[in-house]
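The block underneath contains the structure these notes are about, expressed in structure tokens.
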Amino acid sequence: MLERDQVAHVARLARLELTEDEADRMAAELSKVLDHIEAIRSLDLEGVEPTSHVVDVVNALRADTPHQSLDPAVALAQAPEPTAAGFGVPSPGAAAE
Amino acid sequence: MSAAVLELTAAAAAAAIRAGELDATELFELYRARAAADELNAFTWVADQPPASVAAGAPLAGVPLGVKDLFCTENVPSQSGSRILEGYRPPYTATVVRQLEAAGAPLLGKTNQDEFAMGSSNENSAYGPVLNPWDRARVPGGSSGGSAAAVAAGLVPWALGTDTGGSIRQPAAFSGIVGLKPTYGACSRYGMIAFASSLDQAGPLTRDVTDAALLLRHMVGHDPNDSTSLAFPGEIDLPSRHDLRGVRLGVPEELIGAEGGIEPGVRERFDAAIALAEGLGATVSPCTLPHAPHALSAYYIIAPAEASANLSRFDGVRYGLRVAGDADLTTMYSRTRAQGFGAEVKRRIMLGTYALSSGYYDAYYGTAQRVRTRIAQDFRAAFDQVDFIVTPTAPSVAFELGAKSHDPLAMYLNDYCTVPMSLAGIPAISIPCGLSEGLPVGLQLAGPAFSESRLLDAAYALELAIGFDGSPARTGGGGA
Amino acid sequence: MSASVEYEPVIGLEIHVQLKTRTKMFCGCELSFGDPPNVHTCPRCLGLPGTLPVINAQAVHYGIMIGLALGCEIAPRSQFHRKNYFYPDLPKGYQISQYDVPLCSSGQLGDVRIHRVHLEEDAAKLVHAGASGRIHSADRSAVDFNRSGTPLAEIVTEPDLHSADDAREWLNLLRTTLRAIGVSDVNMEEGSLRCDANVSVRPVGSTELGTKTELKNMNSFRFLAQGIKAEVDRQVDLLRSGRPVLQETLHFDPASGRLTSMRSKEEAHDYRYFPEPDLVPLVATDEMLEAARAALPELPQARAERFLTRFGLSDERSRELAFRPELADFFESAVEAGEGAEPQAIANWMQALVERLADGADPAESPLEPRSFAALVRMVSDRTVSRDAGREVLDILLREDGSRATIVEREGLGALSADEGGLAGIVAAALAADPDAAAQVRAGNMKAMGPLVGYVMRETKGRADGGEINRLVREQLGI
Ligand SMILES: [Mg+2]
Ligand SMILES: [Zn+2]
């Protein structure tokens with residue numbers, strides 16, 4: 001059902017590094033689940049509206065009133081790479097190769 | 001004294017404290033000692049001292065609370081069972097936990113769970129599996145397994161869990177306690193580390209139905225921080241019904257048929273409970289939920305899809321684990337997530353990402369949402385005929401550790417009877433209805449949206465009639 | 001093969017506008033610009049686990065105002081989606097944005113149709129090494145979440161523009177309109193207005209669309225025009241030499257004027273949109289629509305039409321004034337000042353005024369009073385002073401008019417005449433203050449009348465009658 005290269009593509013989209021073994025296992029396991037799930041595609045759902053919310057609410061809005069923001073030290077307290085300029089990360093442009 | 005105090009339900013303990021017969025701090029210390037000596041791996045964090053004070057006259061009187069790890073608690077580890085959040089201490093507290101603290105239920109400890117609430121056995125925790133107090137070779141169910149085991153073993157009087165596709169009800173059933181999933185929107189989700197946003201609901205895991213009602217009473221209510229939360233119509237009543245006269249129960253053929261794989265022992269307890277219900281005056285009839293057999297498929301598209309997005313924030317930038325080395329940004333992301341997430345979480349992220357990806361959205365996500373519409377319609381139609389729907393909570397009793405961990409699909413089938421209610425957003429409760437092979441069996445009752453008070457009433461009448469003896473609560477588990 | 005074919009550019013714009021709310025789109029953190037990093041953050045806009053978005057009502061109000069100002073249909077019910085991709089400036093790993101049902105659609109501004117207007121949240125700011133002295137390693141960046149979650153309106157046009165200059169001019173109209181309705185600072189340099197362009201070319205006469213490219217990072221009006229011009233030329237060159245245009249995203253470098261491809265080795269974007277389950281649908285109620293309608297001032301385009309029909313200004317002059325509200329306001333104040341100057345003459349003199357002001361400056365912030373300006377225009381129309389002298393008077397008034405206490409202010413605001421004594425004295429003072437000019441006028445050089453009139457105008461804050469000044473100067477000089 002799910003080919004290895006599809007698994008690799010999805011893993012890239014999801015930012016998950018998979019080992020060869022994991023990718024093989026993932027392809028097999030996901031295929032099995034997808035096989036089971038396939039059945040719903042044969043249902044006649046012509047004209048049925050999709051449900052993304054079961055709650056019957058609209059316009060949950062808030063007033064444009066400021067709240068107390070966090071102290072920057074608290075915001076950065078759990079960061080793996082706190083710096084004076086903010087949350088440190090590898091530069092998106094900088095390639096490792 | 002301590003053995004007698006341990007016998008008290010939370011509601012009884014609260015009443016004793018209010019009457020001046022019991023000291024709240026002593027009660028907290030008694031449970032704190034038991035939780036700290038936990039041998040079931042039910043807790044991931046236990047308070048090191050009792051709260052400074054409990055407001056006199058607070059309705060919950062200081063009876064301590066276990067809270068599933070995924071509820072954010074300020075400055076207290078909140079790791080959602082994941083390595084990627086190891087040691088994470090949030091700067092804020094989840095709304096329901098705040099509400100319960102304000103009502104007088106202080107935090108005793110954080111309970112173990114399946115990673116990001118993904119699982120039905122609690123084996124998917126980065127902090128190790130939780131053991132079932134009825135048989136330590138068995139799972140307590142999941143994903144709120146730590147809360148269920150802790151309550152069943154008497155390590156805490158009551159606990160909070162969350163239910164996305166059965167994660168309160170199924171562990172309650174496996175552990176011989178009461179678990180209630182409220183109507184979607186009844187309790188705020190603010191501060192709950194999300195699994196599947198359109199399905200997640202907080203709910204109580206308790207020793208009996210009255211405790212569930214009492215805890216739920218202080219959990220519900222509109223929260224301006226959660227756009228999907230609703231004002232609960234009226235108040236949650238404490239249950240008082242002793243019979244079921246005039247109550248119409250429906251047994252959905254689709255859920256108790258062969259496809260659900262219900263074990264004979266479970267079926268026996270279920271049939272016996274139905275007979276008791278009739279004895280209490282209920283009318284029991286078959287009913288139909290034509291699309292319920294497809295609920296599991298729809299659920300295993302919708303929940304992973306939402307989860308795949310909800311878990312994107314775990315990227316090693318602002319908090320939690322980072323695996324870096326000299327890596328570039330994309331490698332940093334991919335390695336952090338590869339090492340931070342466990343196998344089941346990865347599986348669901350992959351499944352959800354695939355289902356939403358270009359070219360597959362309509363086939364999977366769009367279809368699943370339409371099935372969801374049909375399922376909700378099925379329930380509405382059924383509730384025109386009956387007051388409540390009854391099923392076994394889970395197809396089996398607690399299984400052995402490792403029995404299903406290598407077969408995802410077999411594991412997913414645990415949720416066969418609980419997932420339809422989740423998709424429809426309706427309340428459902430699991431109560432113990434006896435033992436099979438010496439292990440608890442759960443009975444599930446589901447009602448229309450916001451029927452919690454009536455549902456609790458019916459469950460209470462049945463609970464009295466069943467007379468389940470939850471003995472591991474007093475003897476198993478912790479050191480006392 | 002097709003060297004002789006003439007090509008026509010086809011251009012559509014995608015504009016992101018930061019809304020001028022007090023707080024962010026989904027949390028109560030205050031909007032800021034230029035503050036120290038991460039002082040405006042909270043669990044929500046940092047994407048902490050367990051947090052949920054709540055829509056800012058004011059952002060919705062502004063969104064509807066924009067829709068109405070652009071003649072759009074407002075969706076009775078719209079929805080937010082998640083747009084999924086990983087980037088350090090995107091704390092949740094998805095942007096909450098509107099997708100299949102935007103808040104507004106099918107509008108028109110000027111000659112350009114509006115495809116849609118939708119609401120979304122802005123990303124945080126990624127500070128690269130070099131840009132900040134505080135990051136020391138070249139391969140490190142830092143994220144500042146102050147901007148994270150700022151409300152944005154994304155405005156997408158149909159491909160109705162056909163030259164770089166048209167694009168630039170239309171974007172100016174859009175900016176003017178948005179500024180006039182007060183929903184945004186619309187400042188390209190500060191990033192509160194950002195514009196991408198979709199550019200393709202096709203043989204003149206063809207109705208088919210060619211392959212388009214997307215141009216990003218044109219962060220000023222000048223660069224927008226430069227970037228589009230460069231891209232149109234590039235595409236025409238490609239087609240003329242028989243090579244295809246590739247669909248890609250291009251990054252404009254203002255320094256070199258070059259466009260570079262942003263195509264990365266990454267897989268093509270797959271945003272995996274799905275309805276945001278943490279938010280409920282947005283329903284534009286009658287009350288919301290009414291409130292937005294009531295909040296709209298006269299729009300620049302309507303104002304231009306009014307200038308055209310009511311004052312008989314030319315189409316071009318009407319737009320020049322109306323599309324810059326500060327000029328239009330000054331113009332209207334001068335017209336209403338009651339000095340008897342013709343609106344058309346005032347409008348013509350506005351040109352001279354604008355030339356004397358710094359780029360984009362508001363004349364209301366100069367010392368010049370609209371009333372003096374109107375009086376000056378009338379004097380020129382009356383030929384009381386010459387055109388050249390009028391320009392000199394304008395220079396003087398721009399330096400000093402109203403900038404210090406004047407006799408008029410001391411003596412009250414009544415019109416001055418020789419009879420009241422004041423004016424004759426001021427004229428005498430003018431002649432004494434500038435004997436050079438006095439001598440030249442006496443010698444018949446009427447151009448030199450300018451400084452003298454300017455002195456009197458300044459001292460009287462424009463309340464003196466031009467004819468009277470002229471008469472008094474002649475009288476006192478004995479000519
Ligand atoms: Mg956008
Ligand atoms: Zn914020």
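Hydrogens, waters and symmetry mates are skipped; everything else that's a heavy atom, side chains included, is used. Every chain is numbered from 1, with letters handed out A, B, ... down the list of sequences.
For Pro88(C), the parts lying under 4.5 angstrom from a heavy atom of chain B are both the backbone and the side chain. For a residue to count as touching a neighbouring chain, one of its non-hydrogen atoms must lie under 4.5 Å from one of that chain's; by this rule Tyr88(B) touches chain C with the side chain only. Interface residue Tyr333(B): only side-chain heavy atoms are found under 4.5 Å from chain C. Contact of Phe145(C) with chain B is made through the side chain alone, with heavy-atom distances under 4.5 Å. Residue Tyr94(C) touches chain B through its side chain alone, counting heavy-atom pairs closer than 4.5 Å. Looking at Ala94(B), neither its backbone nor its side chain comes within 4.5 Å of chain C, counting heavy atoms on both sides.
Using a 4.0 Å cut-off between charged nitrogen and carboxylate oxygen, Asp223(B) and Arg98(B) do not count as a salt-bridge pair.
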- request: Could you check Glu344(B) against Arg347(B) for salt bridge (charged side-chain N to carboxylate O under 4.0 Å, His left out), going step by step and ending with a plain yes or no?
  value: CA-CA 5 Å; Glu344(B) 181 60 23; Arg347(B) 226 165 0 241; 2.6 Å; yes
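If you tally non-hydrogen atom pairs under 4.5 Å between each of Ala309(B), Ser308(B), Ser358(B), Gly191(B) and chain C, the highest count goes to Ala309(B).
For residues 70-80 of chain B, a heavy-atom distance under 4.5 Å to chain C picks out Cys72(B), given by residue number.
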Could you go through residues 193-203 of chain B and list every donor-acceptor pair under 3.5 Å that involves a side-chain atom there, pairing it with any protein atom two or more places apart or in another chain?
from: Ser197(B); atom 1: OG; to: Asn310(B); atom 2: OD1; distance (Å): 3.4
from: Ser197(B); atom 1: OG; to: Asn310(B); atom 2: ND2; distance (Å): 3.0
from: Ser197(B); atom 1: OG; to: Asp278(C); atom 2: OD1; distance (Å): 3.3
from: Ser198(B); atom 1: OG; to: Glu306(B); atom 2: OE1; distance (Å): 3.4
from: Ser198(B); atom 1: OG; to: Glu306(B); atom 2: OE2; distance (Å): 2.7
from: Ser198(B); atom 1: OG; to: Arg372(B); atom 2: NH1; distance (Å): 2.8
from: Asp200(B); atom 1: OD1; to: Thr164(B); atom 2: OG1; distance (Å): 2.6
from: Asp200(B); atom 1: OD1; to: Ala196(B); atom 2: N; distance (Å): 3.1
from: Asp200(B); atom 1: OD2; to: Phe195(B); atom 2: N; distance (Å): 2.9
from: Asp200(B); atom 1: OD2; to: Ala196(B); atom 2: N; distance (Å): 3.2
from: Gln201(B); atom 1: OE1; to: Cys187(B); atom 2: N; distance (Å): 3.3
from: Gln201(B); atom 1: NE2; to: Cys187(B); atom 2: O; distance (Å): 3.3

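At distances below 3.5 Å, not a single donor-acceptor pair connects side-chain atoms of Arg258(C) with backbone N or O atoms of Phe252(C).
Because its NZ or CZ atom is not both nearer than 6.0 Å to the ring centre of Phe341(B) and within 45° of the ring axis, Lys346(B) does not count as a cation-pi partner of that residue.
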